[in-house]
Amino acid sequence: SAVISQKPSRDICQRGTSLTIQCQVDSQVTMMFWYRQQPGQSLTLIATANQGSEATYESGFVIDKFPISRPNLTFSTLTVSNMSPEDSSIYLCSVAGTSTTDTQYFGPGTRLTVL
Amino acid sequence: SQQGEEDPQALSIQEGENATMNCSYKTSINNLQWYRQNSGRGLVHLILIRSNEREKHSGRLRVTLDTSKKSSSLLITASRAADTASYFCASSYTGRRALTFGSGTRLQVQP
């Protein structure tokens with residue numbers, strides 16, 4: 001199984017600022033995803049991070065608000081831009097292989113609080 | 001929304017009892033995965049069941065899948081206080097690699 005780390009593990013930010021979250025995997029992976037978990041809720045997919053090209057965003061999420069980079073097969077970043085209290089959530093990255101039967105593994109998450 | 005439903009939303013049982021959680025999804029799937037989350041931390045993968053499988057076991061866990069009803073269940077036998085957590089099912093829909101999560105079940109196991 002893949003070992004995934006995220007930085008920072010938590011942060012408290014001021015309204016209007018931006019935060020970049022890093023996701024590092026210990027091996028090359030085909031698929032990387034970013035999810036959001038709002039307080040008391042389930043997980044919602046933000047986007048698929050594509051290596052070498054623009055991320056694919058889900059309905060309701062836009063690149064200007066959540067820019068994503070994926071420079072190689074082991075690393076990705078998610079930026080939460082111009083934050084508001086509604087962005088307070090846990091942000092999780094996940095990875096999977098090429099097969100549709102592959103397990104999807106999750107990082108430990110970044111707990112973001114926006115004041 | 002494509003999000004699946006889970007029931008019950010919350011479940012409280014005594015140690016040693018069995019816990020059953022149910023999940024429904026919306027359309028055809030490649031596989032369905034179950035995860036555990038302790039107190040808002042990261043997700044721990046429990047078990048994956050493929051669309052052509054009907055039942056799978058892993059230790060005290062038993063997962064069933066009924067594709068005709070678009071539903072799955074997770075059974076935890078002989079529960080322990082350490083099983084206290086939120087449990088989520090997540091579907092990999094056909095043609096899509098990302099997961100669509102169910103609403104989750106909060107399990108409380110009383111010692």
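Naming: A, B, ... by sequence-line order, numbering from 1 per chain.
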B:Gly102 to A:Ser42 - nearest heavy-atom pair and separation: O-OG, 2.5 Å
How about B:Gln37 and A:Phe106: do any of their side-chain heavy atoms sit closer than 4.5 Å? no
Between chain B and each of A:Ser94, A:Ala96, A:Pro108, count heavy-atom pairs under 4.5 Å; write down the option with the most. A:Pro108
Counting neighbours of CZ on B:Arg80 that are heavy atoms of other residues, nucleotides or ligands and sit closer than 6.0 Å, is the number greater than 12? no
Do B:Tyr87 and B:Ile49 sit in one hydrophobic cluster, given that two such residues count as connected whenever their side-chain heavy atoms are within less than 4.5 Å of each other, even indirectly? yes
Considering only heavy atoms, which portion of A:Gln6 lies under 4.5 Å from any heavy atom of chain B: side chain, backbone, both, or neither? neither
Pick from B:Leu99, B:Leu48, B:Leu43, B:Ile47: which one has the most heavy-atom pairs with chain A under 4.5 Å? B:Leu99
Under the 3.5 angstrom rule, does the side chain of B:Arg97 hit a backbone N or O of A:Gly97 as a donor-acceptor pair? yes
Heavy-atom closest pair (B:Ala98 atom, A:Leu45 atom, distance to 0.1 Å) is CB-CD2, 3.3 Å
Do A:Met83 and A:Tyr57 sit in one hydrophobic cluster, given that two such residues count as connected whenever their side-chain heavy atoms are within less than 4.5 Å of each other, even indirectly? yes
Say whether A:Leu92 and A:Ile21 are linked into one hydrophobic cluster, either directly or through other cluster members, by side-chain heavy-atom distances under 4.5 angstrom. no
At their closest point, which heavy atom of A:Glu58 faces which heavy atom of B:Arg96, and how far apart are they? OE1-NH2, 3.0 Å
Counting neighbours of CD on B:Gln9 that are heavy atoms of other residues, nucleotides or ligands and sit closer than 6.0 Å, is the number greater than 12? no
For the CD1 atom on A:Ile12, are there more than 12 heavy atoms of other groups (residues, nucleotides or ligands in this structure) within a distance under 6.0 Å? no
